[in-house]
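Worksheet for the structure shown next.
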Amino acid sequence: MSWRPSKDSARGCSQYNICRGERRYSHFSSSDFYSSLRLEDFLSVGDTSGTEEDTDSAILYGTLRGSVVGLRYYTGVVNNNEMVALQREPNNPYDKNAVKVNNVNGAQVGHIKKELAAALAGIMDNKLAIVEGVVPYGAKNAFTMPVQMSFWGREENKEAVLDQLKRHGFKLAPPLKGSECGFGSKWISGRSGPSYSAPVHAAVQLTTEQLKSEFDKLFEDLKEDDKTCEMEGAEAVGTLLLPHQKQALAWMISRENSNDLPPFWEERSNFYYNILTNFAEKQRPKNVLGGILADDMGLGKTLTVIALILTNFQDGKPLPVEKITSDKFFEESGTNSMNSVGRRLCKDSSNVMEPGVSDVKKFENAPLKYSSCLPKRDKAKKPRYSGSSDLGESEEWLFQQTETTSCVIQEDAGFASVLLPSSACLKRPAKRKGTASVQSVEKKYADGGPRATLIVCPLSVLSNWIDQFEQHIHQDFHVNIYVYYGSDRNKDPSVLSEQDIVLTTYNILATDYGIRGDSPLHKVKWLRIVLDEGHTIRNPNAQQTKAALNLEGHRRWVLTGTPIQNSVKDLWSLISFLKLKPFTDREWWHRTIQRPVTMGAPGGLGRLQSLIRSITLRRTKTSKVKGKPILELPERKVLIQHVTLTEEERQIYQSVKKEGRAAISRFFSEGTVLAHYADILGVLLRLRQLCCHPHLCMNTSSSFSADNKTPEEPREILVSKMKLVLSSGSDEECAVCLESLTLPVITRCAHVFCKPCIFEVIRSEQPNAKCPLCRSELRVEHLVECPLEEEADSTKGKKSDQEWISSSKINALMHALIELRRDNPAAKCLIVSQFTNFLSLIENPLKESGFAFTRLDGSMAQKKRVEAIQCFQSSQAGSPTVMLLSLKAGGVGLNLTAASRVFLMDPAWNPAAEDQCFDRCHRLGQKHNVVITKFIVKDSVEENMLKIQNKKRELAAGAFATKKPSASEVKQTKINEIKALIDL
DNA sequence: ACCGCCGGGTGCC
DNA sequence: ACCGCCGGGTGCC
């Protein structure tokens, strides 16, 4: 049932990205604001088997003493007070009611005695309660042992559970004091029965506020102690690390080379004890040789990881990579550089080389693993360092089609970074022309063990990684990087395992994994696995999570800026990925950490904290190292400049507003607001455009199609509605996954979702799937995909036929620009808008007033973008002082620090999108204070947008541990926003 | 003795 | 299991 991206759908995706821009910060987007709404909240899907214990609302019904029998048949052992797991065994040939008893390690200890099992079976099978056990004493018994059971469930199931037990002659005892949270098994060994105490309600339940501040502390106190050692990167790291990056590197290396026991384990007389579960075993539990790097974005997680890869290979030695040195031998021998390079790239990595000329010969004879790696057309004069089987003839290949980060194969630039649409080898630029040779460095210890680091990231940051490799791997070193992406990715595991770095996406990972037995990524033993944006796997039931958890490799890292996004729950997948015993099993995580924390049990947070502390490094932009801020950025000021429309502009605006408001209030009175969401966005879009320039909304068709019988809209209208939603800059998220839309599709009822998300809804709700937003009928065959290509900008060119006129906002801008030039001729600025047409309109007066400007928007090819950026960043006299920038162009990697002024021409729905844009110049390397001017038209939708932005900011700030809103709350919020926007 | 008692065989679900 | 339970052997004191 896994959904498989095709080439076409990938292009669809790119199309989307061109319209919508980057999605990288979706965790800062309104999805944050809506907190952690999950599918299960409004659909009964989620875990199809329904095993999803609603862990947060579970209460303790009571306890019961029972016995474990058949001990002598099994090898699993327990200690007194050790937790045990009770597991139904419906296929037991002797008793269909059988309940197994397993120790923390999963080894079977025995069975629940059959009479009791008969009572438990129904309860467990129907998920009426979760039954947990602790062996209070008698752990060394030969035949049977007691087990103290706790029954947990939702309030409404309590009666049914008690009843079921009663029918079998059992009665729950009230909760034992100290056992409420199922940990710390406090039973005193001995024959006397448990001492009953009055039922204790969930210990001190922390308020949301308290929880939030506790969580904050959780990650704030992490910076001290051993995490301030610094370490230099290996020679192959081409960038000098900042102090905090050196610290991170030192910390990561110490984690990877650590011999420590994992948290909560102690060595006690030849045994290793887990102090949470009281489990003990002879075998030393493995600590994760990794952890969570949870630095705020902008602190250089990517660079740090690159440094880690290059610096810490085996035995604390750097990755043995070939150093490229100038070598006359090549020229003299007439060896074609392409060949030499191709072999370098493709040779069998087990071939051990010694430095020196003789190596070249060895090298020549090195077996080629995939000889077609070389481009066939080798007339190129410049060295080419990579290629792929089907590079073909084209000059440029669009590698990845996000607006911001597409990469192209550069055939003739001075560097040889060749990226393919799919599988690609990536090489460092060669400094020298014509020839290059290879000096093999200390390959001796590379044999045998795993070599490759796997990096998994969301598609949207794939190219950022590539950029960063380009930037930070020293030019003289050859690092084999394979981008495992696209339908023609090379599925030979041995090709992957020979690489230094394999880069792929969560989607590829999940797709491969879904095809049984055919996941090369899962056949390789990785030296190291890095999950970028690791909170991507926070849903334990998602295919990509399962796929990630099943990767093999001892060094395991999670990179994330938002380790606890909404609750402790989100941490489990990460911890499980790190393979920290015993938390890989959700039951132990839940019993020992999650429940104690959410129920506010004493010590619960302490545990979580020490767990996190031991495996996490987190610094924020405001963190300090030795009293000094980690990043010293110049000040950033945001000014709001109000603009008043001219009489004429105001008239047009009011008439459109009047018409739109009438329509929208009709939707309200009909109760069809959500059904007309796209139409409403259209109205708002036109108003926003009118605030900028009257020409902008000229050919946005009035989309109130004659008679809006929602469920039957024809395809073309749906497509245009979807485009409207996507291009309106409203930052719509998919109501299912709450992330920005991936591969958007529109339903008949005109709601837009990610294709994979809505497919999953339909699959799990079949045969009568309903639209998550309006509950209309949902069918796969009615979904309409966003058609590819045909850039929205086609309108742009034609528009310019019109005679150019100015607008109030343009006037305000030009006034500010000229003033700026007068005061500081060298100052550079960004002019940012969501509407690329608007940027085009602005070009006119810029030319007239003699500004040298450049432009960066999503429609530009990578080559042009690079040019535009370099040109703008240049400090040469005569270099452009103005850059026209579309709001969402460029990823985190985009560095526009040459600018110290930003003019934001129109507000975005989502304040985070604005902030990210500002961060492109207000970031490491900025020397000046940054002043941002937001132009806001008075008495317009823009002012209302500001208000909503502020509300979102407030909510985002407080949304840390608050309860997730329900679907209806989400809807209501949207409706309220609409009302506020159009003054209803 | 259609019982009691004895003692050996036996033992999860 | 130094138990319980089962079922065969046995049978006054």
Side-chain angles (χ1 to χ4, degrees), chain A residues 49-51 53 61-153 157 160-173 176 179 182 185 187-195 274 277-282 582 584-588 590-591:
Chain A
S49 63
T51 61
E53 63 256 56
Y61 299 154
T63 64
L64 183 64
R65 177 67 61 86
S67 44
V68 187
V69 297
L71 302 183
R72 64 171 157 158
Y73 300 100
Y74 306 100
T75 53
V77 291
V78 291
N79 291 304
N80 288 341
N81 292 320
E82 182 171 329
M83 294 180 172
V84 289
L86 306 189
Q87 185 192 8
R88 276 283 284 129
E89 192 185 18
N91 294 325
N92 186 298
Y94 304 96
D95 183 358
K96 62 179 169 35
N97 294 324
V99 176
K100 288 205 286 181
V101 178
N102 302 333
N103 72 10
V104 177
N105 235 7
Q108 184 168 1
V109 177
H111 277 105
I112 292 290
K113 210 168 150 52
K114 61 177 179 297
E115 295 78 8
L116 180 54
L120 295 186
I123 293 172
M124 294 172 79
D125 292 344
N126 296 317
K127 323 277 182 217
L128 294 176
I130 292 171
V131 189
E132 296 177 350
V134 173
V135 173
Y137 55 87
K140 300 287 172 275
N141 291 356
F143 303 101
T144 69
M145 60 173 65
V147 59
Q148 187 72 24
M149 292 172 293
S150 310
F151 291 71
W152 299 82
N157 292 334
V161 170
L162 295 183
D163 203 61
Q164 169 90 349
L165 287 170
K166 196 172 175 183
R167 266 186 279 139
H168 288 84
F170 297 99
K171 189 169 180 286
L172 289 189
L176 289 167
S179 71
S185 17
W187 295 281
I188 306 112
S189 316
R191 58 265 73 172
S192 60
S195 57
N274 184 278
T277 58
N278 293 317
F279 174 78
E281 64 181 338
K282 259 245 153 25
T584 38
D585 185 331
R586 200 125 64 106
E587 174 170 354
W588 309 120
H590 189 235
R591 286 175 70 173

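The sequence lines fix the lettering, A, B, ..., with proteins before strands; numbering per chain opens at 1. Heavy atoms only: backbone and side chains are in, while hydrogens, waters and symmetry mates are out.
In this structure B:dC3 sits in a base pair with C:dG11, meeting the Watson-Crick or G-U test at under 3.5 Å.
Look at the C1' atom in both B:dC2 and C:dC13: the space between them is 25 Å, to the nearest Å. Spacing between B:dC5 and B:dG9 at atom P, rounded to whole Å, works out to 22 Å. For the P atoms, the distance linking B:dT10 with B:dC6 amounts to 22 Å, nearest Å.
In this structure, the aromatic ring of A:Tyr94 is not positioned over the six-membered ring of the base of B:dC12 within 5.5 Å between centres and 30° between planes.
The backbone N or O of A:Tyr94 lies less than 3.5 Å from a partner atom in the side chain of A:Asn92, making a donor-acceptor pair. Side-chain atoms of A:Asn274 do not come within 3.5 Å of backbone N or O of A:Phe279 as any donor-acceptor pair.
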Pairs under 3.5 angstrom, nitrogen or oxygen only, protein versus nucleotides 1-5 of chain C, please.
| unit_1 | atom_1 | unit_2 | atom_2 | d |
| --- | --- | --- | --- | --- |
| C:dA1 | N1 | A:Arg72 | NH2 | 3.2 |

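Donor-acceptor pairing under 3.5 Å, judged by distance alone, is present between the side chain of A:Asn92 and the base of B:dC13. One donor-acceptor pair, N or O on each side, does fall under 3.5 Å between the base of B:dC12 and the side chain of A:Tyr74.
When the shell of 6.0 Å around NZ of A:Lys140 is examined, it contains more than 12 heavy atoms from other residues, nucleotides or ligands.
Here the closest non-hydrogen pair linking A:Gly138 and A:Met145 is O-CB, 3.4 Å.
Taking atom CD1 on A:Ile112 and atom P on B:dC12, their separation rounds to 15 Å, with Å as the unit. Atoms NE2 (A:His111) and C1' (B:dC13) sit 5 Å apart, rounded to a whole Å. Separating the CZ atom of A:Arg88 from the P atom of B:dC13 is a distance of 14 Å, rounded to the nearest angstrom.
With a 4.5 Å cut-off on side-chain heavy atoms, A:Leu71 and A:Val109 count as touching. Contact of the A:Leu86 side chain with the A:Val101 side chain is registered, since non-hydrogen atoms from C-beta on lie closer than 4.5 Å.
Only A:Lys113, A:Lys114, listed by number, bring a heavy atom of residues 113-123 of chain A to less than 4.0 angstrom from any atom of DNA chain B.
A side-chain donor-acceptor contact under 3.5 Å links A:Glu281 and A:Asn105. Counted by atom type alone, A:Gln87 and A:Asn102 present one or more donor-acceptor pairs between their side chains at under 3.5 Å.
Centroid-to-centroid, the aromatic rings of A:His111 and A:Tyr73 stay 6.0 Å apart or farther.
If you check every strand for non-hydrogen atoms under 4.0 Å, A:Leu71 touches nothing.
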